[in-house]
Every structure is written in structure tokens, then in C-alpha cells.
Participant: 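I'd like to ask you about the structure that follows.
All of these numbers come straight from a predicted model, not from anything done at the bench.
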Amino acid sequence: MATGPLPPGQHLVKGWPVSHYGPVPKFRPDRWNLQVFGATATAEKYTWTFEEITALEGGTVVTDMHCASGPTSTGHEFYGVPGAALLELAPPAPEVTHVMAWAEYGYSANLRLGDLASEGTLLATHHNGEPLTVEHGFPLRLVVPHLYGYKGPKWLRALEYMTQDRRGFWEERGYHTIGDPWTGRRHSYQED
Ligand SMILES: Nc1nc2c(c(=O)[nH]1)N[C@H]1C(S)=C(S)[C@@H](COP(=O)(O)O)O[C@H]1N2
Ligand SMILES: [Mo]
């Protein structure tokens with residue numbers, strides 16, 4: 001069952017389909033880190049190991065997931081570090097308006113700063129009480145419940161603070177720079 005009504009143009013699918021572009025990366029704990037770079041308040045770059053990420057206080061969110069190609073899957077409870085908590089640990093400069101979320105192999109998604117700060121946005125390590133499977137983004141994925149799925153990079157590796165908007169992977173390929181399923185902001189031609 002959906003946790004709420006479906007956004008316009010979406011259809012419900014069973015289970016949790018795997019959807020991404022390119023291969024599934026291998027997790028190498030010794031080489032893995034999460035970085036925050038770009039326009040941080042102190043101009044320094046932040047780095048966490050996976051161990052350090054999992055030691056941070058986590059939160060949960062229950063959400064449906066809306067792929068911009070139509071399918072909506074349901075019954076997702078994610079656990080992980082709230083985006084808002086990360087913003088406190090690595091404060092952005094006052095001029096920051098947008099964030100680029102970077103994944104392995106150069107996948108990226110741009111967000112408004114408010115999307116990252118939003119209640120519900122998580123850097124997720126767990127799904128329905130289990131560690132994420134590798135197909136769904138283990139060790140870390142971004143979950144932005146109020147936006148389309150392409151705004152949530154699996155295999156997240158970095159957040160780049162930006163002082164203006166810049167398009168990510170799907171946003172450069174015809175998808176909306178905001179990517180809000182509830183307000184008809186799916187395709188780039190719908191941008192005003
Ligand atoms: N690294 C990476 N993350 C990605 C993608 C991708 O191609 N690469 N696809 C996005 C899209 S379009 C969707 S709909 C969701 C799908 O997540 P799922 O496979 O866990 O259902 O992942 C998003 N995260
Ligand atoms: Mo998608």
C-alpha cells in the first residue's frame with residue numbers, strides 16, 4: 001500500500017525495482033570516504049570514513065519512491081544521517097544556495113540547499129531495518145522523499161556546496177532541475 005496518494009502520472013509497482021545508469025560499484029572500506037567540499041563556511045573540506053558516518057546519530061523516514069520514468073514503489077523505511085545534521089557538522093557559507101550530490105562513477109544530482117536541510121532527507125545506510133543492499137546503494141545513498149528518485153544518488157561519495165545552481169546527471173539529460181513530483185516538475189521543458 002502506498003503511504004499516501006500517488007503524484008500525477010505515477011503508477012504503483014510491486015516490490016522495489018532496481019533502477020540506475022551504469023554498473024554497481026564495489027565497496028572498498030579502506031578507500032571509501034564521504035566528503036563535503038565547495039563553499040563551506042570555513043573553506044575547509046570535510047571527510048568521514050564509513051565508520052564515522054555510522055557512529056553519527058541517525059533518524060528514520062517512511063516514504064514512497066517516485067522514479068521520474070513513472071514507477072512508484074512503496075513501503076520504504078530508511079535510516080541514516082539526516083541531511084540537516086550533516087549541514088550542522090559541515091556548515092555551508094552564507095552564499096550557498098544549491099548542493100551537488102556526487103556518487104561513484106560521476107553520477108550527480110543537484111538540489112536546493114533547502115532540499116538537503118528538509119525534514120525527511122537522509123544519508124541512508126539502512127532500509128527496513130537492514131543495511132542497504134549494494135544494488136540499492138550500499139554503503140550510503142541519499143534519500144530526498146519529496147523529490148523524484150533521480151535526486152537521490154546511490155553510492156553517495158560527496159556533497160558539493162554551490163553558490164548557484166548547476167545541473168546534475170539527469171538534469172543535463174532532460175529532467176527538471178528541481179524534480180518535484182507533486183508540482184509537475186519532471187522534465188526540463190517544464191522549467192519556467
Ligand atoms: N549512483 C546512482 N544513483 C542513482 C541513479 C543512478 O543512475 N546512479 N538513479 C536514480 C534514479 S533515476 C532512481 S529512480 C533511483 C532508484 O533507486 P532504486 O534502484 O533503489 O529503486 O536511484 C537514483 N540514484
Ligand atoms: Mo528514476
Side-chain angles (χ1 to χ4, degrees), residues 6-11 13 16-25 34-40 45-46 61 63-73 76 78 80-84 86-87 90 92-124 132 135-192:
L6 292 193
Q10 294 296 115
H11 60 271
V13 292
W16 191 12
V18 171
S19 169
H20 58 263
Y21 180 84
V24 173
L34 179 76
Q35 296 195 349
V36 172
F37 69 99
T40 61
K45 188 163 108 179
Y46 297 80
V61 69
T63 182
D64 296 339
M65 290 182 75
H66 315 293
C67 175
S69 68
T72 287
S73 62
H76 305 291
F78 289 99
V81 181
L86 204 87
L87 283 165
E95 316 80 71
V96 171
T97 55
H98 292 79
V99 175
M100 191 72 81
W102 289 100
E104 302 282 359
Y105 301 138
Y107 182 88
S108 60
N110 55 310
L111 299 163
R112 298 164 295 184
L113 183 60
D115 295 321
L116 184 62
S118 182
E119 198 192 340
T121 297
L122 290 182
L123 287 73
L132 286 168
E135 294 80 12
H136 286 298
F138 180 82
L140 191 69
R141 80 174 294 167
L142 195 63
V143 176
V144 187
H146 62 286
L147 299 180
Y148 281 117
Y150 65 90
K151 293 297 190 179
K154 307 193 273 192
W155 315 298
L156 185 73
R157 288 297 304 274
L159 297 172
E160 177 187 357
Y161 293 164
M162 307 193 294
T163 54
Q164 55 182 44
D165 200 7
R166 203 171 81 222
R167 307 183 84 88
F169 183 86
W170 285 118
E171 296 83 0
E172 278 189 330
R173 290 165 177 78
Y175 284 92
H176 200 287
T177 194
I178 292 173
D180 181 349
W182 300 100
T183 56
R185 291 185 280 190
R186 188 191 303 258
H187 302 287
S188 52
Y189 63 73
Q190 296 167 314
E191 288 171 23
D192 38 40

Participant: If you measure from CG on Leu159 to CG on Leu86, what distance do you get to the nearest 0.5 Å?
Facilitator: 6.0 Å
Participant: Specify the closest pair of heavy atoms between Ala39 and Thr163, including all atoms of both residues, with the distance to one decimal.
Facilitator: CB-CG2, 4.0 Å
Participant: Cut-off 3.5 Å, no hydrogens considered: what does the side-chain donor-acceptor table look like for residues 136-146, sequence neighbours left out?
Facilitator:
from, atom 1, to, atom 2, distance (Å)
Arg141, NH1, His136, O, 3.0
His146, NE2, Asp115, OD1, 2.9

Participant: Under the side chain to side chain contact (heavy atoms under 4.5 Å, CB included) rule, what do Gln190 and Thr183 come out as? Steps first, then yes or no, please.
Facilitator: CA-CA 10 Å; Gln190 296 167 314; Thr183 56; over 6 Å; no
Participant: Counting neighbours of CD on Gln164 that are heavy atoms of other residues, nucleotides or ligands and sit closer than 6.0 Å, is the number greater than 12?
Facilitator: no
Participant: Counting N and O atoms only, with roles assigned by atom type, does the side chain of Asp180 sit under 3.5 Å from a partner on the main chain of Arg185, one being a donor and the other an acceptor?
Facilitator: no
Participant: State, to 0.1 Å, how close Pro181 and Pro8 come at their nearest heavy-atom pair, and which atoms those are.
Facilitator: O-CD, 3.7 Å
Participant: Could you tell me if the side chain of Asn110 sits less than 4.5 Å from the side chain of Lys151, heavy atoms only?
Facilitator: yes
Participant: List the steps and the verdict of side chain to side chain contact (heavy atoms under 4.5 Å, CB included) for Leu111 and Leu147.
Facilitator: CA-CA 10 Å; Leu111 299 163; Leu147 299 180; 3.8 Å; yes
Participant: Run the side chain to side chain contact (heavy atoms under 4.5 Å, CB included) test on Leu34 and Leu123 for me, step by step, so that the C-alpha distance in whole Å, both residues' side-chain angles and the decisive distance to 0.1 Å come before the verdict.
Facilitator: CA-CA 10 Å; Leu34 179 76; Leu123 287 73; 3.8 Å; yes
Participant: If you count every heavy atom of other residues, nucleotides or ligands that lies below 6.0 Å from Glu172 atom CD, does the total exceed 12?
Facilitator: yes
Participant: If I compare all heavy atoms of Val61 with all of Gly120, which pair ends up nearest, and what's the gap?
Facilitator: CG1-O, 3.6 Å
Participant: Please state whether the rings of Phe78 and Trp16 are parallel, tilted or perpendicular, taking 30° and 60° as the class boundaries.
Facilitator: perpendicular
Participant: Looking at Tyr21, Tyr189, Trp170, Phe169, which hits ring pair (Phe, Tyr, Trp, His ring centres under 6.0 Å) with Tyr175?
Facilitator: Trp170
Participant: Side-chain atoms of residues 92-103: list all donor-acceptor pairs with protein atoms under 3.5 Å, sequence neighbours left out, distances to 0.1 Å.
Facilitator:
from, atom 1, to, atom 2, distance (Å)
Trp102, NE1, Glu160, OE1, 3.0

Participant: Quick one: list whatever passes salt bridge (Lys or Arg N to Asp or Glu O under 4.0 Å) with Lys154, sequence neighbours left out.
Facilitator: none
Participant: How close do Gly168 and Ser108 get, heavy atom to heavy atom, and via which atoms?
Facilitator: CA-OG, 3.4 Å
Participant: Do you know the tightest heavy-atom contact between Arg167 and Glu171?
Facilitator: NE-O, 2.6 Å
Participant: Applying ring-ring contact (aromatic ring centres under 6.0 Å, His included), can you list everything that pairs with Tyr161, at least two apart in sequence or on another chain?
Facilitator: none
Participant: Once rounded to the nearest 0.5 Å, what's the spacing between atom CG of Asp64 and atom CG of Leu6?
Facilitator: 7.0 Å
Participant: Listed by chain and number, what are the ring-ring contact (aromatic ring centres under 6.0 Å, His included) partners of His176, not counting sequence neighbours?
Facilitator: none
Participant: So, taking the atom named OG1 in Thr40 and the one named CG in Leu87, what distance separates them when rounded to the nearest 0.5 Å?
Facilitator: 12.0 Å
Participant: Please answer whether the main-chain N or O of Pro71 pairs with a side-chain N or O of Gln10 as donor and acceptor at a distance below 3.5 Å.
Facilitator: yes
Participant: Going by side chain to side chain donor-acceptor pair (under 3.5 Å), name the residues that satisfy it together with Tyr148, two or more places apart in sequence or in a different chain.
Facilitator: Arg186
Participant: Kindly assign one of parallel, tilted or perpendicular to the pair Trp155 and His20, based on the angle between their ring planes and the thresholds 30° and 60°.
Facilitator: perpendicular
